[in-house]
Amino acid sequence: MTFPASLMDGYERYLSKGFVRYKETHERLAVYGQKPDILVISCCDSRVTPEGIFHAGPGELFVVRNVANLVPPHEEAQGQHGTSAAIEFAVDSLKVKHIVVMGHGQCGGVKAFRENANSPMDTGEFIGRWIKLLEPAAIAMACMPIDKADDPQLAMEYAGVRQSLKNLMTFPFVERAVREDGLLFHGAWFDIGSGELRLMDPETQRFETAGSGSTEDAD
């Protein structure tokens with residue numbers, strides 16, 4: 001099997017430019033390990049790259065990516081809980097100070113849910129079961145719409161972020177970290193075409209364009 005040539009070309013460029021630029025950082029990370037302050041839960045869409053969006057270097061972000069940037073609710077049933085395991089590691093082992101759930105425009109996972117809302121399980125062997133996690137968000141959006149002026153796709157993308165933030169608090173170790181260590185949650189949404197970043201206001205839960213006054217010291 002031939003390894004993709006595009007990846008080898010990229011690796012050569014990275015080794016001669018990117019790695020050299022952060023050589024001391026890589027050496028320090030190799031010796032002392034990682035200690036990021038921020039966990040970003042993002043979509044696995046190839047057009048959305050948290051490290052690029054936030055101009056983050058090696059070791060600065062702990063990133064979890066999955067279809068539609070979803071956080072499942074805590075459950076004790078046996079199974080392979082990849083996203084939950086990553087959250088547990090970030091909170092209990094890395095002691096992150098912030099968790100950011102970042103949605104994005106034209107999300108394929110959200111679109112698949114909207115197009116198959118009555119029978120999401122018909123969407124693939126695994127995808128249907130996963131995007132069914134959006135059902136509580138859809139119900140909440142229908143009962144108490146926050147984004148009345150937004151188009152249905154965008155409103156569902158927002159609602160998915162809100163639901164994931166709610167689901168975070170179903171994990172006992174997350175709830176404990178919030179209560180005892182001051183762990184903070186943040187909702188965000190990224191527009192692929194324009195590069196616009198919107199942040200969720202914790203009080204109103206509405207998304208507003210990021211700008212002056214919308215950030216705080218990560219410490």
Side-chain angles (χ1 to χ4, degrees), residues 38-50 52-54 61 63-75 81-84 86-87 98-171 174 184-211 214:
I38 303 169
L39 161 63
V40 178
I41 300 170
S42 178
C43 187
C44 56
D45 191 305
S46 62
R47 302 168 294 177
V48 182
T49 56
I53 292 168
F54 298 111
L61 298 178
V63 179
V64 178
R65 299 178 67 169
N66 61 44
V67 174
N69 43 269
L70 296 174
V71 174
H74 175 267
E75 61 179 7
H81 305 293
T83 295
S84 301
I87 294 171
H98 300 264
I99 298 180
V100 177
V101 177
M102 184 174 70
H104 70 92
Q106 300 85 49
C107 180
V110 170
K111 182 179 180 181
F113 173 79
R114 291 184 58 242
E115 292 179 347
N116 299 274
N118 294 326
S119 55
M121 298 299 284
D122 293 341
T123 306
E125 182 179 357
F126 301 105
I127 294 176
R129 186 180 301 116
W130 180 253
I131 62 174
K132 199 171 186 293
L133 292 170
L134 284 166
E135 280 189 345
I139 293 171
M141 187 175 69
C143 295
M144 297 183 64
I146 297 175
D147 311 296
K148 296 180 181 179
D150 293 322
D151 67 77
Q153 172 73 19
L154 179 60
M156 194 67 237
E157 289 164 359
Y158 288 167
V161 172
R162 296 187 189 105
Q163 186 62 46
S164 286
L165 291 170
K166 290 180 182 178
N167 287 348
L168 280 170
M169 284 299 286
T170 66
F171 292 85
V174 172
L184 297 174
F185 297 164
H186 311 274
W189 178 91
F190 178 75
D191 185 81
I192 296 170
S194 69
E196 179 185 4
L197 179 69
R198 299 177 188 175
L199 305 180
M200 191 190 81
D201 184 299
E203 298 297 327
T204 66
Q205 294 199 339
R206 290 189 63 85
F207 286 76
E208 302 172 357
T209 300
S214 61

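None of the values given here were measured: they were computed from a predicted structure.
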How close do Ala138 and Phe113 get, heavy atom to heavy atom, and via which atoms?
CB-CE2, 3.8 Å

Taking the inter-plane angle between the rings of Tyr158 and Phe207 on a 0 to 90° scale, is it parallel (under 30°), tilted (30 to 60°) or perpendicular (over 60°)?
parallel

Nearest heavy-atom neighbours spanning Cys107 and Gln153:
O-NE2, 3.1 Å

Short side-chain to backbone donor-acceptor contact, Arg162 and Gln205, under 3.5 Å
yes

Can you tell me if Arg65 uses its side chain to pair, donor with acceptor, with the backbone of Val48 under 3.5 Å?
yes

Contact summary for Val161 and Gly187, nearest pair of heavy atoms:
CG1-CA, 3.8 Å

Drop me the distance from Ile38's CD1 to Phe54's CZ, to the nearest 0.5 angstrom.
8.5 Å

Less than 4.5 Å apart, side chain to side chain, heavy atoms only: is that true for Ser42 and Val100?
no

Please check this pair: side chain of Arg206 against backbone of Asp201, looking for a donor-acceptor N/O pair closer than 3.5 Å.
no

Give, for atom NE2 of His104 and atom CD1 of Ile53, the distance between the pair rounded to the nearest 0.5 Å.
9.5 Å

Please check: side-chain N/O of Trp189 versus main-chain N/O of Glu157, any donor-acceptor pairing under 3.5 Å?
no

Rounded to the nearest 0.5 Å, how far does CG of Asn66 lie from CD1 of Ile41?
8.0 Å

Who pairs with Ser194 by side chain to side chain donor-acceptor pair (under 3.5 Å), at least two apart in sequence or on another chain?
Asp191

What distance separates Leu168 CG from His74 NE2, expressed to the nearest 0.5 Å?
12.5 Å

Looking at Asn167, is its backbone amide N or carbonyl O close enough to the side chain of Thr170 to form a donor-acceptor pair, meaning the two atoms are under 3.5 Å apart?
yes

Is there side-chain contact between Thr83 and Trp130, with at least one heavy-atom pair below 4.5 Å?
yes

When every non-hydrogen atom of Ser164 is compared with those of Leu70, the smallest separation belongs to OG-CA, 3.4 Å

Looking only at non-hydrogen atoms, find the nearest pair between Val64 and Ala86 and report the distance.
CG2-CB, 3.4 Å

Please report the shortest heavy-atom distance between Ala137 and Met156, naming the atom on each side.
CB-CE, 3.6 Å

